[in-house]
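Encoded as structure tokens, the structure appears first; notes follow it.
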Amino acid sequence: MAYYADIILPLSLPKPYTYGVLESQEKHLKTGMRVAVPFGKTKVYTGIVAKIHQDKPALYEVKYIEEILDETPIVTLKQLEIWQWIAAYYLCNIGEVLKAALPSALLLESETVVELNKEKEIQVEELSDQEYLIYEALQQKSILKVQEIMGILGLKKVLPIIQAMATKDVVVINQELYKQYKPKLVRYVKISEAYRDQEQLTAFLATIQKAAPKQYEVMLSYFSIEASTKKPITPKQLAEAAKTTPSTIKSLVSKGVLDEYYLQHDRMGFQGDTASSSPVLTPHQTAAFEAINTAFLDKNVCLLHGVTSSGKTEVYVKLIEAQLQQDKQVLFMVPEIGLTTQLIARLQRYFGEEVQVYHSRNSVNERVETYQHVLTQTKGKIVIGTRSAVFLPFKNLGLIIVDEEHETTYKQYDPAPRYNARDISVLLAQKFNAKVLLGSATPSLESYDNAKKEKYALVELTKRYGNVLPPAIQLVDLKQKYKRKQMTGHFSDTLLQEMKTCLGEGKQVILFQNRRGYSPILECNTCGFSPQCPNCDVSLTYHKHNHSLRCHYCGYHIAMQLQCMGCGSTEISTKGFGTEQIETELKSVFKDYKIARMDLDTTRGKYACEKIISEFEQQQIDILVGTQMLAKGLDFRNVALVGIMNADTLLNYPDFRAHERCFQLLVQVSGRAGRTKEQGKVLIQSFNPNHQILQQVTTNQYAKMAEEQLYERKNFKYPPSYKLIRVVVKHKDYNAVNEAADWLTKAYQNAFKEYVLGPEFPPVMRIRNAYIKYILIKVPPAYSLQKTKAYLERINISFSAIGAFRKIRLNVNVDPY
Ligand code: ADP
Ligand code: ZN
Ligand code: ZN
């Protein structure tokens, strides 16, 4: 009987596609391997074998697998199960999950390539000028990719030219699978076989000693390096040791004295020193460590609620150590990599080469290397990674730590799958019978609720390391300060005074403002006009340093306008303020201090963020102004004061999570103050100092905040009590969006009654020229989420079948953030 294979393709298809397995492939093919399969008229894709079976598809004639691309499976059965779960839970296609899960370099793509037709005598004079250029290039390089031909001709549209050449039989057009991943090869030198012979060598050295002293120096350096290390020697290292240039080494290679050779090399490697022993836990930390171990005896997930600077990392280190002793793999999830250099360095100090780092800023090749190390367990049992690390092919996982588990970056917005890596980590752990530790000083209400309901265990660490007191938090009433004219720019006299004292004592200051740029709104005093983004429904933000007006949603920018674009008046004022304006004001008040800014604009380069952090650490910066990036687990030793410029924008954000978020952000930012010995100080400026959330922040009442918020969420039917599904309708035509959203809302209401909210435009209703409308479906705890989703999908399918709605983009976000 013939065999068939269901193949997952990296496309938005509702189901895997079934292909025929050739007899010659039967023995070799296994689930989880990559295969090249034809799809559509001419395309070849890399797919993953999801299932091998003997059920011939009834409805279509199968095509056959063209090539098996792996010797052994690169996707495990557990991964396949998780992919299926994600597709079902988040209502997306499994192909979309595949694309998110595998490093892109593992998915080979077919490419159109052109070769000369060897069977044909080519009459050069019959070729046009462009054709001749291609012909000439093909004579030098037998195969050309379309991309390369575009480069040669300096043209975008080259296919018609190639096709014309194919019709004349000058060239043949082919599809070739193009392998993206290339192992990195490092060049080394060693002494050649012939000169290993002592006599030969001595003779040679004698000839060059006078004639070529530099080469002589290189040879001596070579022997001295060889004597001191067994490691291979690079040309660069040798040139440096001999204080000469690589060309000297090249001459020795061409003389046949030195041989060049190549070794495959990992792109990332740890080269520092490791500490000899792990940290000694304080009694509080020991108690927490033991409580976690006890909790894991009967619960799979434990929430570690540890105040800022309580030393959660030290507890993690002990837990990781225990896993390594059992030879288990550990996944350590972090919200963002740029802000994690400190943590990575700390873990590397303890675990050295066992630590691997996996995130989207790695190059495609680095990602493949880590993927393969995890799969084969050849290196590094500990993986530190951002959300996509939950997709790695673990074989022997013992523990997942989700640090700063309340962070929203664990949820992927766009594109599908819109998954939450914290939630997936619980599922992933289940597959291995492994444990999950969620850590935070301000747990998400979802996790806290699970702990209160005893679904998760709860362990608390209430004391800071070294028994340092939590920072003293004071509110500053901006209404009063403005009335009494005690403001300098956006600084109250209280804040300025505290800053002066702090800086005078040689301490550092952190200032938090949740907006980047100089000022978000530019307004004409005469006619009230303010420049808007032409593509999005927002005002342009003024950026002073490059005199531009920028859209933070689509990147559109124009030069700063000195005259009103509406009436030509020069009376223009700015409203609102961002980090850049704070920085400017600071520079005029604190002339003698070094001031730096950390926000999206100053951290774009690969290591920009790391640079600011390390300069601040080494106290080359006195005052650091920044956005919420500052709230993410950074550990600075010398910060005595944290100032929050304005807490109100956080409180007034139109979202049901705004209060929870505001609390988390303020507590996290405050936690950067006073991490050693002396108590730190925090000043929060606000027009609403009596707001209950601000009061709860100053008195450090997480539990009270959580209980109040959970009560409100339940009353107003929001998570975690109710589940949410958000349907997003998008189109560039305003009326089309409205009609589509109305149709869908009616259909949903028929099914889910009063549990449908909307349709409603979000605060920014147009982004990149597309109008956006939301419909929200609330799923009560007693309802089956699965049935609700099945129903929803059926409605969405009917929707897509309506001709008038064909162009509408529809996406579904389960558990939106
Ligand atoms: P958290 O992550 O809970 O905010 P950290 O793990 O960053 O706290 O710890 C705060 C600081 O205290 C760090 O600089 C850390 O090195 C130090 N620290 C915590 N526990 C210990 C310990 N047991 N021994 C030595 N230093 C510790
Ligand atoms: Zn005007
Ligand atoms: Zn825009």
Side-chain angles (χ1 to χ4, degrees), residues 268-270 272-282 284-297 299-306 309-335 337 340-359 370 373-374 377-387 389-390 392-405 410 421-422 425-426 428-441 456-457 459 461 465 633 635:
M268 297 173 294
F270 170 71
D273 294 325
T274 49
S276 46
S277 63
S278 67
V280 180
L281 295 188
T282 65
H284 288 294
Q285 291 167 344
T286 307
F289 174 69
E290 279 164 8
I292 293 166
N293 283 326
T294 311
F296 280 155
L297 294 178
K299 294 235 161 59
N300 290 328
V301 185
C302 175
L303 174 62
L304 173 61
H305 179 194
S309 204
S310 55
K312 292 185 286 295
T313 318
E314 270 64 25
V315 177
Y316 300 154
V317 166
K318 283 284 179 199
L319 290 164
I320 294 171
E321 215 172 48
Q323 293 297 323
L324 294 188
Q325 274 159 17
Q326 299 168 53
D327 235 8
K328 297 269 189 178
Q329 294 171 306
V330 176
L331 171 59
F332 193 124
M333 303 257 287
V334 294
I337 217 72
T340 322
T341 30
Q342 288 183 325
L343 179 84
I344 295 171
R346 268 161 90 180
L347 293 185
Q348 279 179 334
R349 218 174 308 129
Y350 293 124
F351 302 113
E353 287 217 323
E354 290 288 1
V355 178
Q356 302 190 67
V357 186
Y358 188 77
H359 57 86
T370 308
H373 285 313
V374 173
Q377 300 190 68
T378 35
K379 197 184 133 186
K381 296 222 157 45
I382 310 163
V383 182
I384 305 183
T386 48
R387 61 172 180 253
V390 288
L392 285 169
F394 293 99
K395 281 284 181 69
N396 187 20
L397 189 63
L399 173 69
I400 304 176
I401 294 167
V402 184
D403 194 23
E404 312 289 353
E405 67 87 31
Y410 285 123
R422 176 191 67 210
S425 73
V426 174
L428 176 64
Q430 255 170 30
K431 300 261 171 226
F432 287 91
N433 232 334
K435 303 296 176 187
V436 180
L437 183 70
L438 307 174
S440 174
Y456 297 171
V459 171
L461 248 179
Y465 173 69
D635 184 33

Pairwise distance OG1(Thr313) to OH(Tyr465) - rounded to 0.5 angstrom: 12.5 Å
Side-chain donor or acceptor of Lys328 paired with backbone N/O of Ala322 under 3.5 Å: no
Distance in Å, Gln323 CD paired with Leu397 CG, rounded so as to fall on 0.5 Å steps: 8.0 Å
Flag, side chain of Arg422 to backbone of Glu405, donor-acceptor distance under 3.5 Å: yes
Side-chain donor or acceptor of Tyr456 paired with backbone N/O of Leu438 under 3.5 Å: no
Donor-acceptor under 3.5 Å (Gln342 side chain, Asp635 main chain): yes
Short side-chain to backbone donor-acceptor contact, Gln329 and Asn396, under 3.5 Å: yes
Closest contact, heavy atoms only, Leu281 versus Val315: CD2-N, 4.3 Å
Sidechain N-carboxylate O distance under 4.0 Å for Glu314, Arg346: yes
Between OG1 on residue Thr370 and CD1 on residue Ile384, distance to nearest 0.5 Å: 11.5 Å
Nearest atoms (heavy-atom pairs only) where Ile400 meets Ser425: CD1-O, 3.3 Å
Test item: His305 side-chain N/O and Ser440 main-chain N/O as donor-acceptor pair under 3.5 Å: no
Nearest non-hydrogen partners of Arg387 and Tyr410, listed with the distance: CD-O, 3.8 Å
From CZ (Phe351) to CD (Glu321), nearest 0.5 Å: 5.5 Å
Euclidean distance, Leu319 CG relative to Phe296 CZ, rounded to 0.5 Å: 6.5 Å
Check: Gln356 side chain, Lys379 main-chain N or O, donor-acceptor pair, under 3.5 Å: yes
Contact summary for Gly398 and Ala434, nearest pair of heavy atoms: O-CB, 3.3 Å
N/O donor-acceptor pair under 3.5 Å between Thr282 side chain and Gln285 backbone: yes
Separation between CG of Leu399 and OH of Tyr316, rounded to the nearest 0.5 Å: 10.5 Å
Distance-minimising heavy-atom pair for Gly385 and Ala389: CA-CB, 3.8 Å
Where Pro335 and Thr386 come nearest, the two heavy atoms and their spacing: O-CG2, 4.2 Å
